[in-house]
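Throughout, residue positions are numbered sequentially from 1 according to the sequence presented. All values derive from a computational prediction rather than experimental measurement. Keep in mind that the numbers below use all heavy atoms, side chains included, and drop hydrogens, waters and symmetry copies.
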Amino acid sequence: MFYSREEIELTLNLYSIAKVHLNDLERKQLINGKSNATNFEKNCYHYYSYIINIVHTWINTLLPDEAEIIQKRIIDKNTFDFIAIQLGYANHSSVIRKYKNILNKLSLQEVQEC
């Protein structure tokens, strides 16, 4: 299955939220026991796990500088200007161009279905 740039960007933006919710679900399962989880909680667990796994798969296929841009933009929530300063790019336009190229690169990758 291939994803569009928009789907990739939305999935990347869901990553931080998915990590928080997955940690909450895991903590709840430790307290209450896994067998006491509702179907809704089990479905949420699978959904958030899938989001996290797919983002990890994408990041592992990127070059180190590309992964760093994704890390700083999506996970650390930095602006393109701030990323340009941190990584030594001439201006934010260079980072935006690189970011769009990363999304295009990811959109050309086939993702295996669960």
To the nearest 0.5 Å, what is the distance between [atom1] on [X] and [atom2] on [Y]?
{"X": "Glu6", "Y": "Thr11", "atom1": "CD", "atom2": "OG1", "value": "11.0 Å"}
{"X": "Ile59", "Y": "Leu106", "atom1": "CD1", "atom2": "CG", "value": "9.0 Å"}
{"X": "Ser49", "Y": "Leu22", "atom1": "OG", "atom2": "CG", "value": "4.5 Å"}
{"X": "Ile74", "Y": "Ile8", "atom1": "CD1", "atom2": "CD1", "value": "11.0 Å"}
{"X": "Ile83", "Y": "Ile69", "atom1": "CD1", "atom2": "CD1", "value": "7.0 Å"}
{"X": "Tyr50", "Y": "Thr57", "atom1": "OH", "atom2": "OG1", "value": "8.5 Å"}

Under a 4.5 Å side-chain heavy-atom rule over Ile, Leu, Val, Met, Phe, Trp and Tyr, are [X] and [Y] clustered together?
{"X": "Ile70", "Y": "Leu10", "answer": "no"}
{"X": "Ile96", "Y": "Phe82", "answer": "no"}
{"X": "Leu87", "Y": "Val95", "answer": "yes"}

Are any of the side-chain heavy atoms of [X] and [Y] separated by less than 4.5 Å?
{"X": "Glu9", "Y": "Tyr99", "value": "yes"}
{"X": "Leu63", "Y": "Lys105", "value": "yes"}
{"X": "Leu14", "Y": "Tyr47", "value": "yes"}
{"X": "Arg73", "Y": "Leu12", "value": "no"}
{"X": "Thr38", "Y": "Asn43", "value": "no"}
{"X": "Lys98", "Y": "Tyr89", "value": "yes"}
{"X": "His21", "Y": "Tyr45", "value": "no"}
{"X": "Lys77", "Y": "Lys72", "value": "no"}

Parallel, tilted or perpendicular, as decided by the 30° and 60° cut-offs, for the rings of Tyr3 and Trp58:
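Perpendicular: the ring planes of Trp58 and Tyr3 meet at over 60°.
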
Count the heavy atoms of every other residue, nucleotide or ligand shown that sit under 6.0 Å from NZ of Lys28, and state whether that count exceeds 12.
no

Take atom NZ in Lys19; do more than 12 heavy atoms of anything else shown fall under 6.0 Å from it?
no

So which of Asp81, Ile85, Thr79 actually passes side chain to side chain contact (heavy atoms under 4.5 Å, CB included) with His92?
Asp81

Check whether any side-chain N or O of Asn91 sits under 3.5 Å from a backbone N or O of Ser94 as a donor-acceptor pair, and report yes or no.
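The answer is yes, because a donor-acceptor pair under 3.5 Å joins these two groups.
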
Determine yes or no for a side-chain-to-main-chain donor-acceptor pair under 3.5 angstrom, with Arg5 supplying the side chain and Ser107 the backbone.
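Not a single qualifying donor-acceptor pair exists.
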
Is the distance between the ring centroids of His56 and Tyr15 less than 6.0 Å?
yes

